[in-house]
Amino acid sequence: MTVATKLRYWLLKTEPEVFSIDDLKASQDFTTCWDGVRNYQARNFMRDQMHLDDRVLVYHSNSAPSAVVGTARICKTAYPDFTSWDCKNPHFDPKSKPENPTWFMVDIRFESKFSVPQSLFELKQIPKLEGMELLRKGSRLSVQPVTKRQFDIILNLGKPM
DNA sequence: GCCAACGTTGGC
DNA sequence: GCCAACGTTGGC
């Protein structure tokens, strides 16, 4: 029996001072583990809903300007975030144990960098993006689902190199 | 640096 | 279960 898996679309936030789209592009095999997510809703999206080859918008938060800067793909589905039980890691969480992990991560692979980064300010001007989670006031979720339509609008405007 | 909008913790 | 206090995120 074949299981039909629907391709999904996501937005992942990262602070470029910590890990940027250029860092992703420079990573071994263009790939990195998306560690350090410590929010249950974000974890649940990663653990329960991300499929192989799902598409990702990469967003630079806490930036000048904050913007969607490129795309990636999910290249490994959820597995335990081992940084959570490393007491020397800044994302250490004593309640997460190897035998019963609290936190999960996925791997993503660089796909494209935008020649025209799509700043938060610009995205807010686009009526068709109304309702997008990223644009909601006070939105802090670092792993967000986006619709295909939202993804395509931003991809087209971003003009991947 | 400020502060609004969260999510988490823990007393009760 | 309620909610105040606290810590964090992230725009500006």
Distance-only donor-acceptor pairs under 3.5 Å for side chains of residues 113-120 of chain A, two or more places apart:
unit_1	atom_1	unit_2	atom_2	d
A:Lys113	NZ	A:Asp22	OD1	2.8
A:Lys113	NZ	A:Asp22	OD2	3.3
A:Ser115	OG	A:Lys159	O	2.4
A:Gln118	NE2	A:Val116	O	2.9
A:Gln118	NE2	A:Leu157	O	3.3
A:Ser119	OG	A:Glu122	N	3.1
A:Ser119	OG	A:Glu122	OE1	3.0

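Comparing A:Lys137 and A:Tyr40 along DNA chain B, the residue whose closest nucleotide (by nearest heavy atom) sits nearer the 5' end is A:Lys137. When each of A:Lys95 and A:Arg136 is assigned the nucleotide of DNA chain B with its nearest heavy atom, A:Arg136 is the one assigned upstream, toward the 5' end.
Between A:Tyr40 and A:Trp103, the ring planes lie tilted relative to each other; the angle falls in the 30° to 60° range.
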Polar-atom pairs under 3.5 Å, protein N or O versus N or O of nucleotides 8-12 of chain C: list them with distances, or write none.
unit_1	atom_1	unit_2	atom_2	d
C:dT8	O2	A:Arg140	NH1	3.2
C:dT8	O2	A:Arg140	NH2	3.1
C:dG10	OP1	A:Lys13	NZ	3.0
C:dG10	OP1	A:Arg140	O	2.9
C:dG11	OP1	A:Tyr59	OH	2.6
C:dG11	OP2	A:Asn62	N	2.9
C:dG11	OP2	A:Ser66	OG	2.8
C:dC12	OP1	A:Lys124	NZ	2.6

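A salt bridge between A:Arg43 and A:Asp81 is absent, with no side-chain N of the basic residue lying under 4.0 Å from a carboxylate O of the acidic one.
A pairwise comparison of heavy atoms in A:Ala78 and A:Val106 identifies N-CG1, 3.8 Å as the closest pair. Residues A:Asp53 and A:Arg73 approach most closely at O-NH1, 3.1 Å, considering heavy atoms.
In this structure, A:Arg38 reaches neither bases nor backbone, as no heavy-atom distance under 4.0 Å exists between it and the strands shown.
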